[in-house]
Amino acid sequence: MADLEELYREIILDHYRSPRNRGELPVPPAHRVEGFNPLCGDEVVVTLIVNDDTVSDIKIGGTGCSISQASASLMSSAVKGKPVDEVRGLIHTFKSMMSVHQSTLGDADEDGRQIEPGPEDPELVDSDALGELAALQGVVKFPVRIKCATLSWNALSQGLDELS
Amino acid sequence: MDMTDGAMTVDDVEVASGYLDVEKLRRDFPILAERVHDRRIVYLDSAATSLTPRPVIDAISKYYETTHANVHRGVYATAEEATRLYEEARIKVGRFIGATRPGEEVVFTKNATEALNLIASSWGHANLKENDVVVLTEMEHHSNIVPWIMLSEELGIELRYVPIDGSGRLDLSNFDEFCDGAKLVCVSAMSNVLGTINPITEMSKVAHDHGALVVVDGAQSVPHLPVDIQELGADFLAFSGHKMMGPTGIGVLWANATILEAMPPFLGGGGMILDVKPEKFLPADPPDRFEAGTPPIAEAVGLAAAVDYLQSIGMGQIRSHERSLTAFALESIGEKLGDDCRIFGPPAGDDRGGVMSFSYRDVHAHDIAQVLDQYGVCVRPGHHCAKPLMRKLGVAATARASIALYNSEDDINVLIEGLVEAGRLFANA
Ligand SMILES: Cc1ncc(COP(=O)(O)O)c(C=O)c1O
């Protein structure tokens with residue numbers, strides 16, 4: 001079951017069992033975005049506060065599988081307290097990581113949408129920048145799970161767009 | 001467990017236990033010879049789509065190799081032969097469900113969903129107006145909900161949902177009141193989530209007493225139970241070819257001839273007209289009226305072969321096999337996994353088909369399905385296109401194992417083995 005262990009790395013199971021930044025921030029001042037995965041009924045609720053171009057607080061609500069929950073938890077830890085520009089860069093790097101092995105889709109995301117060229121070369125997924133998030137790399141081997149992993153990221157990205 | 005209720009015929013695919021001879025039948029399904037993750041395929045997703053037996057694949061290939069031509073048009077020999085095959089398929093499918101006038105009453109569609117949309121769009125527009133009541137149930141598939149919601153948004157009709165009880169059956173205690181003033185009752189003969197087999201015959205009687213017509217969603221029942229529309233008392237029956245060992249791309253709408261005769265066309269185009277002038281057209285008689293454009297010809301040929309295949313085994317025998325295997329599955333899961341595994345739907349019995357939705361501890365259905373995949377087990381995680389039902393059950397998703405004539409006790413044992421591994425992997429999750 002080598003593949004399974006690659007998918008369900010210890011960090012992922014840890015974030016699934018004890019999700020970070022769990023809950024919802026009061027709206028206002030927070031901004032609220034919902035994401036749905038119609039395939040499996042997963043729902044994510046991202047509430048975030050942006051102050052001085054920085055994601056000063058973020059919380060994650062909703063229900064979902066281990067991959068969507070762990071990815072949301074890892075995301076919240078990675079972006080909390082980071083400047084919006086850096087967060088956008090991270091979103092891009094993460095989404096590129098989630099698409100690198102989908103050769104048939106080329107430079108497209110899991111919905112077949114073109115990924116906008118980001119601040120860095122999309123060919124070079126810098127796993128240093130990703131830190132713990134690199135643990136989710138195993139997901140690309142399981143194409144149907146990519147949507148689970150990107151659910152919260154798409155919601156965050158939408159939230160930032162709505163705020164800017 | 002009662003395994004003696006299968007009719008003990010001389011049928012050579014039936015073995016003494018009431019089970020079919022699965023080893024023999026499995027050889028008819030080429031996909032089952034494939035391997036995934038170096039294991040044999042344990043296919044438990046027949047409620048989503050069934051596997052295709054060799055005779056169906058061969059019938060389709062043979063059609064393309066020897067007979068392919070458009071129907072109802074050419075006068076040359078091949079075109080006539082294609083038309084004959086297509087119309088023969090209609091008759092065969094109609095007889096399979098007990099239609100008395102199959103040549104007029106069977107409409108080929110793209111799938112069950114399109115058949116249900118055809119009813120809502122054509123019959124609905126001609127017969128429903130503001131405040132008219134359409135009765136649905138809480139266990140319907142989105143295909144038998146969304147077309148009615150669309151119609152209610154457009155026409156202002158009222159939708160009433162018959163609730164389910166704690167056992168996953170319809171709560172019919174107030175059904176009489178639900179039907180009061182109703183024009184139409186739409187119900188699935190077998191739930192694609194709970195496996196519940198609904199008492200359609202009794203429901204039709206009540207509906208008819210109130211002057212309502214009855215739409216039966218037979219997507220899950222026609223492939224797995226003997227179905228006779230006269231006995232059901234249905235006015236409409238919709239089902240899909242691909243869930244009954246036929247090809248994708250073809251579905252069936254059966255409706256009583258008098259009702260079809262009075263219905264306006266659904267889609268417009270070639271094949272559905274008698275005459276066309278620049279400003280108006282004269283629609284053809286049913287079933288052509290509802291089959292605009294080139295129909296699924298090869299698919300109809302394949303579906304006819306699927307009906308032959310099912311009938312060669314016998315729907316009674318198939319039901320008996322699946323009933324025994326469902327009882328075995330429910331019992332062994334209960335025995336080996338205990339309260340960790342919650343199975344939705346009624347206990348094994350006459351009103352329980354081979355669809356089993358379950359949750360395992362609090363492991364998400366998606367994760368269960370992922371672990372099972374490593375064992376070659378194909379199950380479906382998700383809401384199964386029945387979100388209102390999921391909300392009622394209080395779950396976002398379930399994992400669903402569904403059986404067919406090619407499944408055996410071995411398959412269930414591998415399923416359980418995989419579930420135990422999922423439990424280990426996600427322990428304390
Ligand atoms: C009960 C029920 N109704 C309708 C459908 C729709 O079938 P199809 O997708 O083939 O149109 C399905 C299958 O998914 C079903 O299980």
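Throughout, a chain's letter reflects where its sequence line sits, starting with A, and its residues are numbered from 1.
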Is the [atom1] atom of [X] crowded by more than 12 outside heavy atoms at less than 6.0 Å?
{"X": "A/D53", "atom1": "CG", "answer": "no"}
{"X": "A/D52", "atom1": "CG", "answer": "no"}
{"X": "B/K392", "atom1": "NZ", "answer": "yes"}
{"X": "B/I31", "atom1": "CD1", "answer": "no"}
{"X": "B/D339", "atom1": "CG", "answer": "no"}

Item to check | Side chain B/D367, main chain A/C65, donor-acceptor under 3.5 Å | outcome: no

Checklist entry - Taking all non-hydrogen atoms of both residues, which atom of B/H364 and which atom of A/Y16 are closest, and how far apart? => result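 Reported closest heavy-atom pair: N-OH, 3.9 Å.
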
Item to check | Options A/S18, A/S68, A/G64, ranked by heavy-atom pairs under 4.5 Å with chain B, top entry | outcome: A/G64

Next on the checklist: Is it true that B/H366 and A/D42 share a donor-acceptor pair across their side chains at a distance under 3.5 Å?
Outcome noted: no

Checklist outcome for this item: Bottom line for B/L425: the part with an atom under 4.5 Å from chain A's heavy atoms is both

Checklist entry - Tell me, side chain or backbone of A/T63 under 4.5 Å from chain B's heavy atoms, or both, or neither? => result side chain

Checklist entry - Taking B/R380, B/M390, B/Q370 one by one, which has the highest count of heavy-atom pairs under 4.5 Å against chain A? => result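 Max contact count across the listed options: B/Q370.
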
